[in-house]
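Whatever order the structure lists them in is the order used to number ligands and atoms, beginning at 1.
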Amino acid sequence: MYRKTVAIVDLDAIRENYSLAAALAPQSKNIAVIKANAYGHGMLRVAQALQDIAPAFAVAIIDEALELRAGGISQPILVLEGANDTKSCEVAAANGLSLVAHNQEQVLQLLQANLLGNTPLWLKVDTGMHRIGFAPDELGSVLERLRDGGHDVSVACTHLACADDLSSNTTHQQIASFNACVSGLDLATSISNSAGILAWPTSHSDWNRPGYMLFGHSPMTTEVESASGLRPAMTLRSEIIAIREVPAGESVGYGARWTAERPSVIGTVAAGYADGYPRHAPSGTPTLVKNQIVPLVGTVSMDMLSIDLTGHDNVALGDTVELWGQDVSVNEVAARCGTIGYELLTGVTARVPRRY
Ligand SMILES: *Cc1c(COP(=O)(O)O)cnc(C)c1O
C-alpha cells in the first residue's frame with residue numbers, strides 16, 4: 001500500500017453508535033442496516049464488529065446477504081428489497097435469509113417457490129413514500145394468502161419519507177396510517193430509520209432499522225440533542241504530494257475555475273473523484289491539515305485536488321489531510337456539494353483501502 005489515501009474506520013465508534021440507537025428506544029430491537037458495503041465502511045467488518053450486540057442485520061439485496069453468509073455471519077439477515085423470482089426465493093431460503101415482500105408479484109413467486117427451511121417474511125406497507133409497498137388496505141389479504149400458503153409472516157414495516165425534517169407533517173400521517181392498518185393483525189411492526197429513532201419517538205416499535213446513525217452522523221436537517229453522542233466512524237484522509245507558490249492572477253486546476261487573488265501557496269492532495277471525493281465540491285469546501293481548516297480550491301481532479309495553504313507556514317510535503325471525519329463533517333462537505341453525507345460515504349471507491 002504505497003498510496004496514502006485511506007479510509008480509517010473506527011469499529012468501536014460504530015458499536016457505540018449502535019448502543020446509542022438502542023438506548024434511545026429501549027423498548028425496540030434494532031436491526032443494523034449495513035447495505036451498500038455498510039455505507040462504505042466495509043460490510044463484513046462492520047457485521048463482525050456488531051454481531052454480539054445486534055440481533056439481526058438488514059441489507060438491500062440478496063447478493064449482499066450472501067456475502068455476509070460467505071463471511072461467516074450467522075445472524076438473521078433481512079433483504080429489504082426482497083426476491084423477485086422463485087430461484088431467488090429459494091436461494092434466500094437455503095441461506096436462511098428473511099425477505100421483505102412489497103408487491104403482488106413477489107407474493108406469487110414466494111407461493112410458487114419450493115422453500116427449503118424457514119424464510120421469515122416482512123410485509124412492506126406504502127404509507128406515503130410511494131416507492132415500494134402494499135397499499136394499507138391490501139395488507140390483510142396479502143397476509144392471509146401468504147399464511148394460507150404456509151409462510152411465516154412475522155413483521156409489517158413501512159418507511160418514512162420526511163423524518164429528517166422536524167417540521168414536516170408527513171411523518172405523523174405515515175405513522176397514523178401504518179398503525180391503523182396493522183391494528184388487529186398478528187404482526188410485529190417496524191417503522192423507524194435513523195431519523196425516526198433520533199427524532200420521532202412515536203415511530204419506535206418492535207424493530208427499528210438504524211443505518212446512517214451507526215456510522216456517527218445525524219440525517220436530520222436541523223441539530224437534535226439526541227444525536228450529540230454520535231461519533232463519526234470514518235476518516236477519509238490523504239496526503240500532500242506537492243506544494244507550490246502561485247502568483248496572484250494565476251489559476252489552479254482544470255477549467256481554471258479558481259484564480260489566486262493574492263500570492264498563494266497551493267498544496268496538491270493525492271485524492272480525487274476516483275476515490276469518491278465529489279468532483280462538484282466547490283472552492284471553499286473545508287479540509288483539515290495540522291488541525292487547521294484549509295479550503296479546497298479549483299476543480300477536483302480524478303486523482304488529486306488542491307487546497308489553499310496560504311498563511312499556513314507549518315505545512316509540509318507528506319502532511320496528512322483530512323477530507324472528512326472527526327473534524328470535517330461529511331454532512332458539511334455534502335451540503336457544500338448539494339447532496340447528503342450518505343452519498344459521499346457510499347461513494348468511497350474500491351481503490352481506497354479501509355483500515356480498521
Ligand atoms: C436504508 C434503509 C434504512 C436505514 O435508513 P437510515 O436513514 O440510513 O437510518 C431503513 N429502512 C429501509 C427500508 C432502508 O432502505
Side-chain angles (χ1 to χ4, degrees), residues 14 17-22 24-25 28-41 43 46-47 50 54-65 68 76-83 97-103 106 121-134 155-166 168 170-171 174-175 178 188-201 203-221 224 226-227 230 232-234 330-331 334 339-347:
I14 296 173
N17 296 330
Y18 179 91
S19 299
L20 187 82
L24 288 170
S28 307
K29 287 178 282 186
N30 288 280
I31 184 164
V33 181
I34 55 170
K35 60 191 174 185
N37 197 25
Y39 295 55
H41 295 69
M43 186 173 60
V46 170
L50 289 175
F57 295 110
V59 293
I61 57 176
I62 289 177
D63 304 72
E64 292 174 329
L68 289 174
I77 302 173
L78 176 67
V79 179
L80 294 165
E81 288 179 10
L97 309 180
S98 306
L99 294 172
V100 169
H102 60 78
N103 68 27
Q106 288 184 326
L121 300 178
W122 289 38
L123 297 183
K124 179 78 163 258
V125 187
D126 178 7
T127 54
M129 179 136 175
H130 301 323
R131 188 175 61 172
I132 57 173
F134 298 102
V155 183
C157 60
T158 194
H159 197 53
L160 300 172
C162 304
D164 60 337
D165 177 3
L166 276 177
S168 166
T170 305
T171 304
Q174 287 195 266
I175 295 169
F178 181 74
T189 57
S190 176
I191 306 172
S192 302
N193 51 8
S194 295
I197 294 165
L198 288 166
W200 300 89
S203 75
H204 300 174
S205 65
D206 297 308
W207 285 99
N208 293 340
R209 308 186 306 270
Y212 193 53
M213 72 181 293
L214 299 178
F215 307 102
H217 310 284
S218 168
M220 305 303 294
T221 55
V224 293
S226 55
L230 294 173
M234 179 197 289
V330 73
N331 283 340
T339 183
I340 55 176
Y342 293 65
E343 187 181 8
L344 300 191
L345 294 178
T346 57

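- With rounding to the nearest 0.5 angstrom, the CD1 atom of Ile175 is 6.0 Å from the CG atom of Leu160.
- With a 4.0 Å cut-off on non-hydrogen atoms, Met213 does not touch ligand 1 at all.
- No N or O atom of Pro210 sits closer than 3.5 Å to an N or O atom of ligand 1.
- Using modelled atom types and a 3.5 Å distance limit, the side chains of Asn37 and His41 yield no donor-acceptor pair.
- Close contacts between ligand 1 and Tyr212 involve ligand atoms 6 (P), 8 (O), 9 (O) [criterion: under 4.0 Å to a heavy atom].
- Between Phe134 and His102, a ring centre-to-centre spacing not shorter than 6.0 Å is recorded.
- Side-chain atoms of Thr221 and Asp164 form no donor-acceptor pair, as typed in the model, at a separation below 3.5 Å.
- The nearest heavy-atom contact from the protein to atom 8 (O) of ligand 1 is Tyr39 OH, 2.5 Å.
- Evaluated by nearest non-hydrogen atom to atom 15 (O) of ligand 1, the leading choice among His159, Arg131, Lys35 is Lys35.
- Aromatic ring pairs are classed by plane angle as parallel below 30°, tilted from 30° to 60° and perpendicular above 60°; the pair Tyr342 and Tyr39 is tilted.
- When only interatomic distances are considered, the shortest N/O to N/O separation between Ser194 and ligand 1 falls below 3.5 Å.
- At a heavy-atom distance under 4.0 Å, atoms from both the backbone and the side chain of Arg209 approach ligand 1.
- For the side chain to side chain contact (heavy atoms under 4.5 Å, CB included) criterion with Trp207, the lone passing option out of Ile191, Val155, Thr189 is Val155.
- For atom 7 (O) of ligand 1, the nearest non-hydrogen atom of the protein is Tyr342 OH, 2.6 Å.
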